[in-house]
Amino acid sequence: MLGRRRVIIWCEFVTRMLESLSRRLRFEGRSGLVAFRWLHTPAFATVSPEEISGSSPAEVQNFVQGKWIASANSSWIVDPLNGDKFIKVAEIQGSEIKPFVESLSNCPKHGLHNPLRAPERYLMYGDISAKAAHVLGQPEVLDFFAKLVQRVSPKSYQQALAEVQVSQKFLENFCGDQVRFLARSFAVPGNHLGQISNGYRWPYGPVAIITPFNFPLEIPLLQLMGALYMGNKPVLKVDSKVSIVMEQMIRLLHECGLPAEDVDFINSDGITMNKLLLEANPKMTLFTGSSRVAEKLAADLQGRIKLEDAGFDWKILGPDVQEVDYISWVCDQDAYACSGQKCSAQSMLFMHKNWSSSGLLEKMKGLSERRRLEDLTIGPVLTVTTASMIEHMNNLLNIPGSKVLFGGEPLENHSIPVIYGAFKPTAVFVPLTEILKSGNFELVTKEIFGPFQVVTEYSEDQLELVLEACERMNAHLTAAVVSNDPLFLQEVLGRSVNGTTYAGIRARTTGAPQNHWFGPAGDPRGAGIGTPEAIKLVWSCHREVIYDIGPVPKNWALPSAT
């Protein structure tokens, strides 16, 4: 009896292993190649981060009308660390967009669900979120996505893992009934019996999502799920350099019950995506990326857009000097983590003169010099070349009184391709009065999406100049007011506008956890991310339904014409 049971257990084990092995065999029809993935990769995955290389490239497909598809043309993504062609992306051409146009066009304006139609889908997405949160929370899956993020958008393991963990916590936040609570309505009594006003959160129906390279998982996943929760059908485009991350995430979501027809996923260049938007005419588009592209899309789409665009983010150190070691560490993290490639990165530091003798700048310099390419605490800059950063630095140094505080040199002993930047963490001091001069201000406040910041100093009677500089900036994404002086905080916060502002001695500019709003302010097109308020603002509009069922008064008579 015991021997028979052992045989049964062994057979079950072998069966499970064969099933697992079959999932890990990927057949490439045209090439005839069979790629074997190591057993430690998750069941949904079609790649292994450790194996992707020039000699073993990965492939990225598109998803439309419930099917994974290739395209007539492909583009090669080069490895940011050595220049090898290591990911082949099937990029849709302008002549191939018809299935995507049809897919979006088939979604009605009232959406796939709304408070009065198919409400069971709110519950379905609560269940999908619960399952996805559970899968993403498994150590091997967290590690899989963290390492995959590192391969395409090089950053330290801790930074990459934090992105995955925030995404997992977000999914946890919208389990169970939390999705339907996003569509909470209200009612107001009417003027007479039978009349009542109802306010509903209503989907847009067909929508589009365009996201950048720097957070390959967190930004597209949070916006995608927010769109789905509210009843929309999205087409998702992620920067092709990193789209493999969301391709794998969509496969995970399918495993967790995401209906195949609910989401389309496209890889294309900007021209093709622009054509798709104009032909498919989505009722709302979420764009995260550069201000230049954002303004073009806003015009092309006639304002049917929400933006989370560039951020030239400032930090003000108040007059109360304290916790110098901690604050220098936060300044280093804000400016140089992810090689400065955060839209919330510290771009300008306004330092009260009381900090001059605190050793803050020396400590920041020492911390910046700890960063190494080996552990990706400094790494490739994917949108700004080394030459461009040197040119910008030299332009700043032409301003009287300017100087390099630290950095200012290319990284050494690396194989990063020249199409990307490789620059040491850099800080350039520019006098406050010079910053405000005509012709200088635009130069000094130019966003450099890399490990680069401007530092300046102000005295007690120059706070007005600091606030004038903040007022004149155009991008109002994040900010930090580092002080525990309540009157100082009150003055600065009351006269600034940045949408996500940290205040207090532990204030920072970076940080987009799932527990607070992250997004700009001061622009009616501004988009948020992460919270119920952000989801409702971006992915639904207000609809008022006034029920007026009577009865008509018994003594009613036809009134005179009015």
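Along the sequence shown, the residues carry numbers beginning at 1. We use all heavy atoms of the structure for the numbers below, so side chains are in, but hydrogens, waters and symmetry mates are not.
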Query - D127 and K131 ion-paired at < 4.0 Å - result: no

Query raised in the report: Side-chain donor-acceptor pair under 3.5 Å between S388 and E391, yes or no?
Result: no

Query raised in the report: For the residue pair P410 and K424, what are the closest heavy atoms and their distance?
Result: O-CE, 3.7 Å

**Report entry** R371 CZ to S339 OG distance, which is reported to the nearest 0.5 Å
**Finding:** 8.0 Å

Requested in this report: Can you measure from CG (L317) to CZ (F350) and round to the nearest 0.5 angstrom?
Outcome: 10.5 Å

Query raised in the report: Would you say the side chain of W202 lies within less than 4.5 Å of the side chain of H542, judging by non-hydrogen atoms?
Result: no

Query raised in the report: Which residue pairs satisfy the salt bridge (Lys or Arg N to Asp or Glu O under 4.0 Å) criterion with at least one member in residues 351-360, sequence neighbours excluded?
Result: none

Acceptor/donor pairs from residues 372-379 side chains to any protein atom, 3.5 angstrom cut, sequence neighbours excluded:
{"from": "R372", "atom 1": "NH1", "to": "E369", "atom 2": "O", "distance (Å)": "2.6"}
{"from": "D375", "atom 1": "OD1", "to": "T377", "atom 2": "N", "distance (Å)": "3.1"}
{"from": "D375", "atom 1": "OD1", "to": "T377", "atom 2": "OG1", "distance (Å)": "2.6"}
{"from": "T377", "atom 1": "OG1", "to": "R372", "atom 2": "N", "distance (Å)": "2.8"}
{"from": "T377", "atom 1": "OG1", "to": "R372", "atom 2": "O", "distance (Å)": "3.2"}

Query raised in the report: After noting the C-alpha distance and the side-chain angles of K155 and E163, does the key distance pass the salt bridge (Lys or Arg N to Asp or Glu O under 4.0 Å) rule?
Result: CA-CA 11 Å; K155 57 185 80 173; E163 179 180 346; 3.2 Å; yes

Query raised in the report: Does K237 reach the main-chain N or O of S268 with its side chain, forming a donor-acceptor pair under 3.5 Å?
Result: yes

Report task. For W355 and E457, test the side chains for any donor-to-acceptor distance below 3.5 angstrom and give the result as yes or no. Result -> no

Requested in this report: Please determine if R151 and D79 form a salt bridge, counting it only when a charged side-chain N lies under 4.0 Å from a carboxylate O.
Outcome: yes

Query raised in the report: Could R525 and E295 be called an ion pair, given the rule that one side-chain N must be under 4.0 Å from one carboxylate O?
Result: yes

Query raised in the report: Where does the angle between the aromatic ring planes of F174 and Y229 fall among parallel (under 30°), tilted (30 to 60°) and perpendicular (over 60°)?
Result: tilted

Query raised in the report: T456 side chain to L432 main-chain N or O, any donor-acceptor pair under 3.5 Å?
Result: yes

Query raised in the report: Can you find a heavy atom in the side chain of L361 that is under 4.5 Å from one in the side chain of V455?
Result: yes

Query - Test log, rule side-chain hydrogen bond (donor to acceptor under 3.5 Å, both in side chains), inputs S243 and S240 - result: CA-CA 5 Å; S243 61; S240 294; 4.9 Å; no

Query - Point-to-point distance, once rounded to the nearest 0.5 Å, from CD1 of I250 to CG of L236 - result: 5.5 Å

Requested in this report: Mind telling me whether F44 and F144 have parallel, tilted or perpendicular rings, with 30° and 60° as the class edges?
Outcome: perpendicular

Query raised in the report: Under 3.5 Å, side chain of S402 to main-chain N/O of L397, donor-acceptor pair present?
Result: no

Query raised in the report: Between atom CD of E447 and atom CG of L477, what is the distance when rounded to the nearest 0.5 Å?
Result: 9.0 Å

Query - Neighbour count above 12 (heavy atom, 6.0 Å) for H254 NE2 - result: yes

Query - Among V238, T288, L277, side-chain contact (heavy atoms from CB on, under 4.5 Å) partner for I210 - result: L277

Report task. Flag this pair as yes if the NZ/CZ of R472 is under 6.0 angstrom from the six-membered ring centre of F441 and inside a 45 degree cone about the axis; otherwise no. Result -> yes

Query - Test: K365 cationic atom under 6.0 Å from F406 six-membered ring centre, within 45° of axis - result: no

**Report entry** E460 versus H352, side-chain donor and acceptor atoms under 3.5 Å
**Finding:** yes

What donor-acceptor contacts under 3.5 angstrom involve side-chain atoms of residues 531-538, with partners at least two apart or in another chain?
{"from": "T531", "atom 1": "OG1", "to": "A534", "atom 2": "N", "distance (Å)": "3.2"}

Query raised in the report: Looking only at atom types and distance, does a side-chain atom of T501 sit under 3.5 Å from a main-chain N or O of V497, one as donor and one as acceptor?
Result: no

Query raised in the report: Hey, are R251 and E255 close enough for a salt bridge, meaning a charged N less than 4.0 Å from a carboxylate O?
Result: no

Query raised in the report: Do the side chain of D485 and the main chain of F488 share a donor and acceptor less than 3.5 angstrom apart?
Result: yes

Query raised in the report: Do T510 and Q333 have side chains that get closer than 4.5 Å, going by heavy atoms?
Result: no

Query raised in the report: Can you check whether V235's main-chain N or O pairs, donor with acceptor, with D264's side chain at less than 3.5 Å?
Result: no

Query raised in the report: Using a distance-only test with no angle check, is there a side-chain donor-acceptor pair under 3.5 angstrom linking D313 and T509?
Result: no

Report task. Indicate, with yes or no, if the rings of Y336 and F423 have centres closer together than 6.0 Å. Result -> no

**Report entry** Those residues that, when tested against N214, pass side-chain hydrogen bond (donor to acceptor under 3.5 Å, both in side chains) (two or more places apart)
**Finding:** none

Report task. Kindly say whether I316 contributes a backbone atom to a donor-acceptor pair with the side chain of Y458 at under 3.5 angstrom? Result -> no

Query - Carboxylate-amine/guanidinium contact K169 E218, below 4.0 Å - result: no

Query raised in the report: Quick check: does any side chain N or O of Q150 sit under 3.5 Å from a backbone N or O of K147, one acting as donor and the other as acceptor?
Result: no

Query raised in the report: Under 3.5 Å, is there a donor-acceptor pair between the side chain of N440 and the main chain of I435?
Result: no

Query raised in the report: Is the closest side-chain donor-acceptor distance between Q159 and K342 under 3.5 Å?
Result: yes

Query raised in the report: Do you know which two heavy atoms are closest between N498 and A521, and how far apart they sit?
Result: C-CB, 4.1 Å

Requested in this report: Give, for atom CE of M351 and atom CG of L360, the distance between the pair rounded to the nearest 0.5 Å.
Outcome: 6.5 Å

**Report entry** Selection residues 504-531 - residue pairs positive for ring-ring contact (aromatic ring centres under 6.0 Å, His included), sequence neighbours left out
**Finding:** Y502-H516

Query - Non-hydrogen side-chain atoms of P417 and P80 separated by less than 4.5 Å - result: no

Query raised in the report: Can you check whether I448 reaches K446 side chain to side chain, under 4.5 Å on heavy atoms?
Result: yes

Would you list the atom pairs, donor with acceptor, under 3.5 Å between side chains in residues 320-327 and any protein atom, with sequence neighbours excluded?
{"from": "D320", "atom 1": "OD1", "to": "S483", "atom 2": "OG", "distance (Å)": "2.7"}
{"from": "D320", "atom 1": "OD2", "to": "Q322", "atom 2": "NE2", "distance (Å)": "3.2"}
{"from": "D320", "atom 1": "OD2", "to": "S483", "atom 2": "OG", "distance (Å)": "3.3"}
{"from": "D320", "atom 1": "OD2", "to": "N484", "atom 2": "N", "distance (Å)": "2.8"}
{"from": "D325", "atom 1": "OD1", "to": "K363", "atom 2": "NZ", "distance (Å)": "2.8"}
{"from": "Y326", "atom 1": "OH", "to": "R506", "atom 2": "NE", "distance (Å)": "3.0"}
{"from": "Y326", "atom 1": "OH", "to": "R506", "atom 2": "NH2", "distance (Å)": "3.4"}

Query - Main-chain N/O of P380 paired with Q341 side-chain donor or acceptor, under 3.5 Å - result: yes

**Report entry** Electrostatic pair K233-D262, nearest N-O below 4.0 angstrom
**Finding:** no

Query raised in the report: Under 4.5 Å between any side-chain heavy atoms of V444 and M348, yes or no?
Result: yes

